[in-house]
Amino acid sequence: MNDKSTLTTKEEEQLRHIGFAVYDDQGRQLTALSGEGIYEGNQLKSERIYATTAKDVKYLIVKPFEIKDDFTEEVKDTQFIKGMEMKIQL
């Protein structure tokens, strides 16, 4: 959506149904504690807070997924958006 200056109602609705699962370097999914977002032009800027207890985490994996029912769901492999996984070195 980089070539647009604003989003249509349909595009905003699509973005509302995208979540992010975060995993540590041991493959443990971090619990999402809270979050909020705002639409600015052609982007949804959001901030989420995740819980972690490990001290020596070397990296995190962020996997975008399609939200099917609610934000507390366990993410199934079929919901992940292929090719969008990100690795963040800490």
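- Smallest separation of non-hydrogen atoms from A21 and V75: CB-CG2, 4.5 Å.
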task: Would you check, one step at a time, whether the test side-chain contact (heavy atoms from CB on, under 4.5 Å) holds for Y23 with K63?
output: CA-CA 8 Å; Y23 298 87; K63 294 182 175 186; 3.8 Å; yes
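- The pair K87-E85 does not meet the salt-bridge criterion, since no charged nitrogen lies less than 4.0 angstrom from a carboxylate oxygen.
- The main-chain N or O of Q79 is never found under 3.5 Å from a side-chain atom of E66 such that the two would form a donor-acceptor pair.
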task: Mind running side-chain contact (heavy atoms from CB on, under 4.5 Å) on I81 and I18 for me, showing each step along the way?
output: CA-CA 9 Å; I81 301 171; I18 301 297; 3.6 Å; yes
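- When the shell of 6.0 Å around CE of M84 is examined, it contains 12 or fewer heavy atoms from other residues, nucleotides or ligands.
- Linking Ile, Leu, Val, Met, Phe, Trp and Tyr whenever their side-chain heavy atoms come within less than 4.5 Å puts F20 and L90 in one cluster.
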Intermediate values then yes/no, side-chain contact (heavy atoms from CB on, under 4.5 Å), L60 and L30: CA-CA 10 Å; L60 297 173; L30 280 60; 4.3 Å; yes
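- At least one side-chain heavy atom of I88 sits under 4.5 Å from a side-chain heavy atom of V62.
- Across every non-hydrogen atom of D24 and Q26, the tightest pair is OD1-N, 2.9 Å.
- Hydrophobic cluster membership is shared by F80 and Y59, with clusters built from Ile, Leu, Val, Met, Phe, Trp and Tyr side chains linked at under 4.5 angstrom.
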